[in-house]
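Working notes for the structure below.
Every value quoted in this text rests on a predicted model; they were computed, and no experiment measured them. Numbered from 1 within each chain, the chains take letters A, B, ... in sequence-line order.
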There are 2 protein chains.
Amino acid sequence: MKQFSKPIYSEEVARLIMKRIRNGNLKPGDVIREALLAEECGISRAPVREALHYLESEGLLMSHQKRGKCVTILTPDVIRYNYELSALLESETAAQVAESITEDDQKKFLSIIEKMRAAIAAGKQYDEHAELGSEFHKAILDLSDNPLLRALATRFSRVISKFLLYQHWRTIYTPQELLDRHMRIYEALCSRDRERIRRVIREHYAESVERLAGFCENGEKKTDRRRAHFPKE
Amino acid sequence: MKQFSKPIYSEEVARLIMKRIRNGNLKPGDVIREALLAEECGISRAPVREALHYLESEGLLMSHQKRGKCVTILTPDVIRYNYELSALLESETAAQVAESITEDDQKKFLSIIEKMRAAIAAGKQYDEHAELGSEFHKAILDLSDNPLLRALATRFSRVISKFLLYQHWRTIYTPQELLDRHMRIYEALCSRDRERIRRVIREHYAESVERLAGFCENGEKKTDRRRAHFPKE
DNA sequence: ATTATTTAAGTTGTATACATAATTAATTAA
DNA sequence: TTAATTAATTATGTATACAACTTAAATAAT
């Protein structure tokens with residue numbers, strides 16, 4: 001019988017860092033020291049480096065040449081860039097399959113909406129609402145048959161909502177507002193009206209980026225000395 | 001005075017591999033051996049590994065766990081995934097800035113068109129036509145003020161046109177056809193008609209993917225055992 | 001006291017060596 | 001002769017060691 005392979009350390013480390021970012025244990029701007037991480041995990045620097053490179057390619061870390069890496073600092077511009085792409089991918093996915101949305105699809109969306117409603121009634125924490133919001137958007141993306149698109153969209157949503165801005169999410173929407181916004185999208189999806197779907201989803205993202213922008217333009221220095229780590233051409 | 005830093009080997013290696021893929025020196029399916037590459041370059045495996053990881057994240061290489069990496073094999077599906085995203089990003093970029101396309105922008109596009117015409121008149125090689133085609137599409141993307149979008153679109157176009165399918169490009173369009181297609185896009189851009197621009201660009205991509213599909217469905221095995229190298233969640 | 005130069009500490013980039021997993025070749029059994 | 005099992009080779013994953021660069025701290029000079 002074939003045994004399970006030994007886990008790849010670099011993947012473990014990548015997961016660990018993502019968890020820490022999500023938890024808020026690692027915050028934007030925090031520097032990552034390879035040696036320290038390696039020691040913490042009881043492994044060498046080699047797999048740690050690979051994990052960091054991966055996380056950088058995913059946009060969660062940024063690097064200065066020979067000066068190490070830190071958790072990505074989200075300037076208002078970077079937030080906008082990510083949101084524009086999220087909005088584009090999600091709205092277009094939904095618009096393209098608009099006519100072929102099934103009853104089952106609608107039920108899936110509705111069940112998430114109902115969970116939101118229930119969470120409000122039960123006075124649940126914001127965390128849960130945010131989680132349900134992500135679930136809703138993921139359900140939309142799952143309508144696409146393009147795995148490359150789904151992977152990309154996941155990446156952007158990770159950068160913005162679930163990870164780097166996790167701590168801000170709870171402050172820009174009340175649970176009721178969050179429910180309203182997703183209700184509107186749900187209704188649009190049920191209408192199967194391509195243009196309406198596109199418009200509603202984009203409006204939602206535009207509103208989010210507008211509300212988020214306020215949180216980031218205060219403390220941080222504008223000088224984005226981020227440098228691409230690899231050749232462009 | 002500050003001297004230029006010593007070049008980062010991993011970046012050099014990444015450039016080298018990209019060049020070889022572009023030249024056709026490395027073809028889809030060719031396996032990459034770290035040790036061999038390191039020896040060729042006269043360096044150790046460490047920077048080579050980093051370069052390979054980068055190229056994998058860019059979609060140019062694919063890896064099997066513990067079985068190394070090879071140049072990405074483009075199945076018809078993968079081609080479609082990439083083209084859909086290229087079409088989406090490019091058409092949406094153009095559509096969003098439709099009303100604000102300046103005379104200067106139009107001149108830039110026209111100059112490329114004219115170069116194409118001249119290349120035909122001079123009986124130039126297909127390579128040059130393909131190059132001008134890329135230039136045209138890049139000019140469209142440069143209308144976007146979203147660098148993240150531009151970087152992504154560059155990545156997709158790299159995977160498809162300039163690199164992995166370079167050898168096929170010359171066979172799916174005659175120079176005259178290529179000129180016609182870009183002429184149509186140019187006219188749409190000049191009209192500043194958002195919907196028309198969107199439609200024309202998408203039609204161009206749809207036609208390309210259709211014509212390309214034929215080339216890839218013959219020889220290659222369908223079993224895409226590609227594996228994501230890092231955790232999804 | 002302030003600025004400039006130098007020196008030292010610390011971190012990343014690279015090299016080498018070893019361990020582990022997988023493919024290929026070889027050997028043995030049916 | 002063929003199939004299956006085992007040995008050997010090969011390539012990746014990881015560990016350790018060293019070199020180069022960056023940052024800062026400390027000393028010297030104005």
Side-chain angles (χ1 to χ4, degrees), chain A residues 1-17 26 29-57 60-72 221 223 225-231, chain B residues 1-17 26 29-57 60-73 221 223-231:
Chain A
M1 280 301 115
K2 195 183 177 86
Q3 287 292 99
F4 286 115
S5 308
K6 187 166 74 168
I8 302 292
Y9 289 149
S10 51
E11 300 186 5
E12 303 278 330
V13 173
R15 264 189 285 265
L16 176 66
I17 306 249
L26 275 175
D30 286 357
V31 293
I32 311 279
R33 269 180 287 270
E34 294 178 0
L36 187 63
L37 242 175
E39 196 179 14
E40 277 188 73
C41 300
I43 60 178
S44 76
R45 276 178 49 220
V48 171
R49 281 177 65 79
E50 302 212 348
L52 297 187
H53 275 289
Y54 166 73
L55 293 169
E56 186 184 356
S57 78
L60 291 172
L61 303 182
M62 53 196 242
S63 80
H64 308 283
Q65 190 178 36
K66 288 249 185 186
R67 283 197 299 164
K69 295 178 168 54
C70 69
V71 180
T72 297
K221 33 186 170 294
T223 55
R225 299 181 55 187
R226 175 176 186 169
R227 176 185 177 279
H229 194 72
F230 274 96
Chain B
M1 278 301 115
K2 195 183 177 88
Q3 288 291 101
F4 286 115
S5 309
K6 186 167 73 168
I8 302 292
Y9 289 149
S10 51
E11 298 186 6
E12 304 277 329
V13 173
R15 264 189 286 265
L16 176 66
I17 307 253
L26 274 176
D30 287 358
V31 293
I32 311 279
R33 267 180 289 269
E34 293 178 1
L36 187 63
L37 241 176
E39 195 178 14
E40 275 187 75
C41 300
I43 60 178
S44 77
R45 277 176 48 219
V48 171
R49 280 176 67 79
E50 302 214 347
L52 297 187
H53 276 290
Y54 167 72
L55 293 169
E56 186 184 355
S57 78
L60 291 172
L61 303 182
M62 52 197 244
S63 79
H64 307 283
Q65 188 178 35
K66 288 251 183 185
R67 283 197 301 162
K69 295 177 168 52
C70 70
V71 179
T72 297
I73 295 172
K221 35 186 169 295
T223 54
D224 183 8
R225 299 182 56 189
R226 175 175 185 172
R227 178 184 175 280
H229 195 73
F230 274 96

Subject >> Spacing of A/Glu50 atom CD relative to C/dT14 atom C1', expressed in whole Å >> reply: 14 Å
**OP:** Please identify each residue that fulfils side-chain contact (heavy atoms from CB on, under 4.5 Å) with A/Ala46, with sequence neighbours left out.
**Re:** A/Ser44
Original post:
Just how far is it from atom NZ of A/Lys69 to atom CE of A/Met62, taken to the nearest 0.5 Å?
Top reply: 12.0 Å
**OP:** Taking all non-hydrogen atoms of both residues into account, name the closest pair between A/Ala51 and A/Ala14 and its distance.
**Re:** CB-N, 3.7 Å
**OP:** Could you point out which residue of A/Thr72, A/Leu60, A/Val71 forms a side-chain contact (heavy atoms from CB on, under 4.5 Å) with A/Leu55?
**Re:** A/Leu60
**OP:** Using whole Å, report how far CD1 of B/Ile43 lies from C1' of C/dT16.
**Re:** 14 Å
Original post:
What's the NE2-P distance between B/His53 and C/dG13, to the nearest Å?
Top reply: 14 Å
**OP:** Please state how far atom CD1 in A/Ile8 lies from atom C1' in D/dT14, giving the value in whole angstrom units.
**Re:** 10 Å
Original post:
Would you say C/dT14 has OP1 or OP2 under 4.0 Å from some side-chain N or O of B/Ser44?
Top reply: no
Subject >> Protein-nucleotide distance (A/Glu34, atom CD; D/dT16, atom C1'), rounded to Å >> reply: 14 Å
**OP:** In whole angstrom, give the distance that lies between atom NZ of A/Lys69 and atom P of C/dG10.
**Re:** 21 Å
**OP:** May I ask you to test the A/Ile32-A/Val48 pair for a side-chain heavy-atom distance under 4.5 Å?
**Re:** no
Subject >> Nearest to side-chain heavy atoms of B/Ala46, which nucleotide of C/dA15, D/dA15, D/dT12 >> reply: C/dA15
Original post:
What nucleic acid atoms does B/Leu52 come within less than 4.0 Å of, heavy atoms only: base, sugar-phosphate, or nothing?
Top reply: nothing
Original post:
What is the pairing partner of C/dT20, taking Watson-Crick or G-U wobble pairs with both distances under 3.5 Å in any strand?
Top reply: D/dA11
Original post:
Roughly how many Å is it from CZ in A/Arg49 to C1' in C/dT14, rounded to a whole number?
Top reply: 8 Å
Subject >> A/Leu37 CG - C/dT12 P separation (whole Å) >> reply: 10 Å
**OP:** State whether B/Arg45 places a side-chain N or O below 4.0 Å from either non-bridging phosphate oxygen (OP1 or OP2) of D/dT12.
**Re:** no
**OP:** Determine the contact category for A/Arg33: base if any of its heavy atoms lies under 4.0 Å from a base atom, sugar-phosphate if only primed atoms, P, OP1 or OP2 are that close, otherwise nothing.
**Re:** sugar-phosphate
